[in-house]
Structures are given as C-alpha cells and as structure tokens.
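Here the structure is laid out as structure tokens; the discussion comes afterwards.
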Number of protein chains: 2
Amino acid sequence: MNNYTDMLRDHNLKVTPQRLAIAQALDVRGHMSLDELYHVMLEKFSSISLATIYKNIHIMLENTFIQEVKLPQAKSVYELTKASHAHLSCEKCGAVEDIMLDMDVLVKQAMQKSSYKIQEASLVLGGICKNCQ
Amino acid sequence: MNNYTDMLRDHNLKVTPQRLAIAQALDVRGHMSLDELYHVMLEKFSSISLATIYKNIHIMLENTFIQEVKLPQAKSVYELTKASHAHLSCEKCGAVEDIMLDMDVLVKQAMQKSSYKIQEASLVLGGICKNCQ
DNA sequence: CTTTAAACGATAAAAGTTATTGTTTAAACT
DNA sequence: AGTTTAAACAATAACTTTTATCGTTTAAAG
Ligand SMILES: [Mn+2]
Ligand SMILES: [Mn+2]
Ligand SMILES: [Zn+2]
Ligand SMILES: [Zn+2]
C-alpha cells in the first residue's frame, strides 16, 4: 500500500502497475512530455502500448491527478498535480522548473482592469537556465 | 499600397491576396485558431488550400509577423505581433482578450529566486468573461 | 475463489500536419 | 509595358499524431 497507490485511489483511478510507474516517473522527473514518458515506460514494460500512455494521460488529466503545462516553443509536458505555481523554461536545453511566485497582486489588478472573474493563472517564463548561460 | 502591404513587406513577406486577407482577418478579429482562420478565408477564396494556411502561419511565425498563443484548455490562437501582453481566456465561451499588465516586478522576483536569465513572459489568465457571468 | 467492469496491448481509423508537384503570380529588371 | 524568375499557390500524397475498436487480462468487490 505505497504512496502512489493512495494518490491514485484518491483520484478515483484504478491502481495498475502501469499507472504506478507513470506516477513514479512524473514524481521523480518532475515534468515529462508524452514521448519522454512513453520511452521511460518502455524500459519497465517492454510491450506497453502507446495507446495506454494516451489513455492514461487523458483520464489522469480528467481526474486532476496530473496537469498539462503548455510551453510556448515546445511540446506540452505533464506533472503531478500540486499547489499552483509558475514555470521557468530554458530555451536552450528545454529544461522546465517550478517556481513559486505570488500572483495575487497581478490577478487582482487584472480583475479590476477587465470584467473577468479570474479563476486560474498560467505563467511560463522563458529564458536561459544557469547551466546554459 | 495599403497598411497590411507595408506590414507584410516589413517582415520580408511577399504580398499576396491570401496574405493580405490573413493579416486583415487577424487584425479585425484579434485572435483566431487555425480552423477559424481557414473557414474565414474560405469565404473570400473558395478554393484556398488548407496547406496554404499552414504554410503561411509557419512563415509568418518565423518572420514574427504573427505570434502563437497557447491556451491551457483550448487550441492555439494566432494574432498579429504587437507589444508584449497577457491574455484573458473565458472558459465558458472561449473568448480571448488582451490585457496589459506590468510584469516587471514579478519577472525581477523570478530572476532573483531562480538563476534564470528571463527573456519573455507568457501569462494566460483563465476565468469567466463579463458576458458569461 | 468467483464475478465484472475497467484497463491492457495490438492495431485500425481518424485527425492533424508536412512534403511534393505542376501551375500561377508578385516583384525585379529590362 | 513586356520578360524573367523565384516564391506562393492549389491539389493531393505522405507522414505524424491522436483516438477508436476489439479481444484479452486483471484489479477490486463480493
Ligand atoms: Mn510544474
Ligand atoms: Mn493577444
Ligand atoms: Zn538550459
Ligand atoms: Zn465568455
């Protein structure tokens, strides 16, 4: 009865070896594209179907077990759902990092300027990571 | 020698009737998905090829005549390049609006917290527009 | 243990995007 | 204005990505 098992059950997802491996991979690596996830999964399950990856990403998104992060100049990456946060994206090596930023002031400003009821903020900051500088 | 002609020439794009219509459509409607653009173009050019839309979007992106906006829960939309700005996206009707917000403080904060050299910020605020409330 | 609905792998089908080819045309140059 | 040429065009084939189908396996409940 490990950690990922409980997490999957909490999101009404049946616990399978494939899903446990997806959860672990995303937990360890943070952010992964669909392709990356598929190739990592192939190492553990040499005959896993690509359709299984697609279907699990879908249902995991529906059940908010994971989140999709759309990056400006690259393929989407996926991550385990956690507290809302922004992203740093290195335009040289493609690395993606989390960063906690207080967006309350900005969101409040936006609600005053516009007539929108804002529910969520998606911020991706593009730049060059320490390693690539 | 209209306005869109000059704009296209400024971005090293050969001026064709199709491109003038794309520029006008994006100028008038603000943000359009590839499909929307294709269908609007079909009204003016009943036999325009979908490949022409794809190719023009590509070269216009390359030459920074237009920008792509990736929305969290919807297809990408495209817009004429203008001063950097954030977006409001209505999760009910799909409307997309521009909003000018000063992100300097936030970006400065992010550069201090991380070791990234930040070059651009992409912010999409999801919510409910005035009409849909 | 059974039972059963869900998940799986394999693979076909559909949708989305890019490449190819012959024709047309915008723009440069007489 | 007429000629030339490279780029853009429409048509469509090829390729990639995503989704649907189907027979089999398995997680979870009883
Ligand atoms: Mn993240
Ligand atoms: Mn915009
Ligand atoms: Zn980097
Ligand atoms: Zn709306």
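Please read these numbers as outputs of a predicted model, since none were measured by experiment. All chains are named by letter (A, B, ...) in the order of the sequence lines, taking the proteins before the strands, and each is independently numbered beginning at 1.
Taking atom CG of A/Leu37 as the reference point, atom P of D/dT17 lies 16 Å away to the nearest angstrom. Between B/His39 atom NE2 and C/dG16 atom P there is a gap of 11 Å when expressed in whole angstrom units. Separating the CG atom of B/Asn56 from the P atom of D/dA10 is a distance of 9 Å, rounded to the nearest angstrom. Rounded to an integer number of Å, the gap from B/Leu50 CG to C/dA19 C1' is 14 Å. Distance A/Asn12 CG to C/dA5 P: 18 Å, rounded to the nearest Å. Between the C1' atom of C/dT18 and the CG atom of B/Leu61 lies a distance of 15 Å, rounded to the nearest Å. When rounded to the nearest whole Å, the span between CD1 of A/Ile57 and P of C/dC8 equals 12 Å. If you take NE2 of B/His58 and P of D/dC9, they are 15 Å apart, rounded to a whole angstrom.
If you find the closest nucleotide of DNA chain C to A/Ile53 and to B/Leu13, the one lying nearer the 5' end belongs to A/Ile53. Looking at which nucleotide of DNA chain D each of B/Gln18 and B/Ala51 is closest to, the 5′-most match is held by B/Gln18.
Of all nucleotides listed (C/dA7, D/dT18, D/dA10), D/dA10 comes nearest to the side chain of B/Lys55. The side chain of A/Lys14 lies closest to C/dA6, out of C/dA6, D/dA11, D/dA6. You'll find that the side chain of B/Val15 is closest to C/dA27, out of D/dT18, C/dA27, C/dG16. Distances from the side chain of A/Pro17 to the nucleotides C/dT18, D/dA27, C/dC8 place D/dA27 closest. Here the nucleotide nearest the side chain of A/Ser47, chosen from D/dA27, D/dA11, C/dA10, is C/dA10. Closest to the side chain of B/Thr52, out of C/dG9, D/dA28, D/dA10, is D/dA10.
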- Task: Determine, step by step, whether B/His31 and B/Asp98 satisfy the side-chain contact (heavy atoms from CB on, under 4.5 Å) criterion, reporting the C-alpha distance in whole Å, the side-chain angles of both residues, the deciding distance to 0.1 Å, and the verdict.
- Result: CA-CA 9 Å; B/His31 307 87; B/Asp98 291 342; 2.8 Å; yes
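Residues B/Met111 and B/Lys117 approach most closely at CE-CA, 3.9 Å, considering heavy atoms.
Both B/Ile53 and B/Phe65 belong to a common hydrophobic cluster when Ile, Leu, Val, Met, Phe, Trp and Tyr are linked at side-chain heavy-atom distances under 4.5 angstrom.
Contact check for A/Glu62 versus A/His58: no side-chain heavy atoms found under the 4.5 Å cut-off.
With hydrogens and angles left out, the side chain of A/Thr16 and the base of C/dA7 share no donor-acceptor pair within 3.5 Å.
A/Ile48 comes within contact range of the sugar-phosphate backbone alone, with a heavy-atom separation under 4.0 Å but no base atom that close.
Contact between the side-chain N/O atoms of A/Tyr54 and the OP1/OP2 oxygens of D/dT19 is not found at any separation under 4.0 Å. At C/dA27, one or more side-chain N or O atoms of B/Arg9 fall inside 4.0 Å of OP1 or OP2 (strictly under the cut-off).
B/Lys55 and B/Gln18 form no side-chain donor-acceptor contact under 3.5 Å, judged by distance and modelled atom types alone.
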